Amino acid sequence: SNNTQEILVRFILLVFTALVALFIVDKVIAWQVKLISDEQNKELFDLIKTLVLMIFSYYFGTKEQK
């Protein structure tokens, strides 16, 4: 059970890192070239914001249980 939870946490963090990397590459590195549309950019930002809130709530929720 604990091993499965650790694998899921690593997977979520990997997906989160990939999404943040895509957002940074689109905004900073390829600022003249549109890699994703404006609508996708807004949705990606909202997804990243939601994931950050979920990660912090998970972290502080598990920290209080110990």
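Everything numeric in this text was worked out from a predicted model, so none of it was measured.
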Checklist line | Heavy-atom closest contact (Leu44 atom, Leu19 atom, distance) | finding: CD1-CD2, 3.6 Å

Check: Would Ile36 and Phe23 satisfy side-chain contact (heavy atoms from CB on, under 4.5 Å), going step by step from the backbone distance to the final call?
Finding: CA-CA 9 Å; Ile36 56 178; Phe23 187 77; 5.7 Å; no

Next item on the list: Kindly compute the distance separating CG (Leu14) from CD1 (Ile7), expressed to the nearest 0.5 Å.
Entry: 13.0 Å

Next item on the list: Spell out, yes or no, whether Leu8 and Phe16 are grouped together once hydrophobic residues are joined by side-chain heavy atoms under 4.5 Å, including indirect joins.
Entry: no

Check: Do the non-hydrogen side-chain atoms of Leu13 and Ile55 ever get within less than 4.5 Å of each other?
Finding: yes

Check: Can you get from Phe60 to Val52 by hopping between Ile, Leu, Val, Met, Phe, Trp and Tyr side chains that sit under 4.5 Å apart?
Finding: yes

Notebook entry, point to check: Do Leu22 and Val28 sit in the same hydrophobic cluster, where Ile, Leu, Val, Met, Phe, Trp and Tyr count as joined when their side-chain heavy atoms come under 4.5 Å apart?
Noted result: yes

Next item on the list: Could you point out which residue of Gln40, Lys42, Lys34 forms a side-chain contact (heavy atoms from CB on, under 4.5 Å) with Asp38?
Entry: Lys34

Note to self: Is there a path of hydrophobic side-chain contacts, each under 4.5 Å between heavy atoms, that joins Phe45 and Phe56?
What the structure shows: yes

Checklist line | Side-chain heavy atoms of Lys27 within contact of Asn41, under 4.5 Å | finding: yes

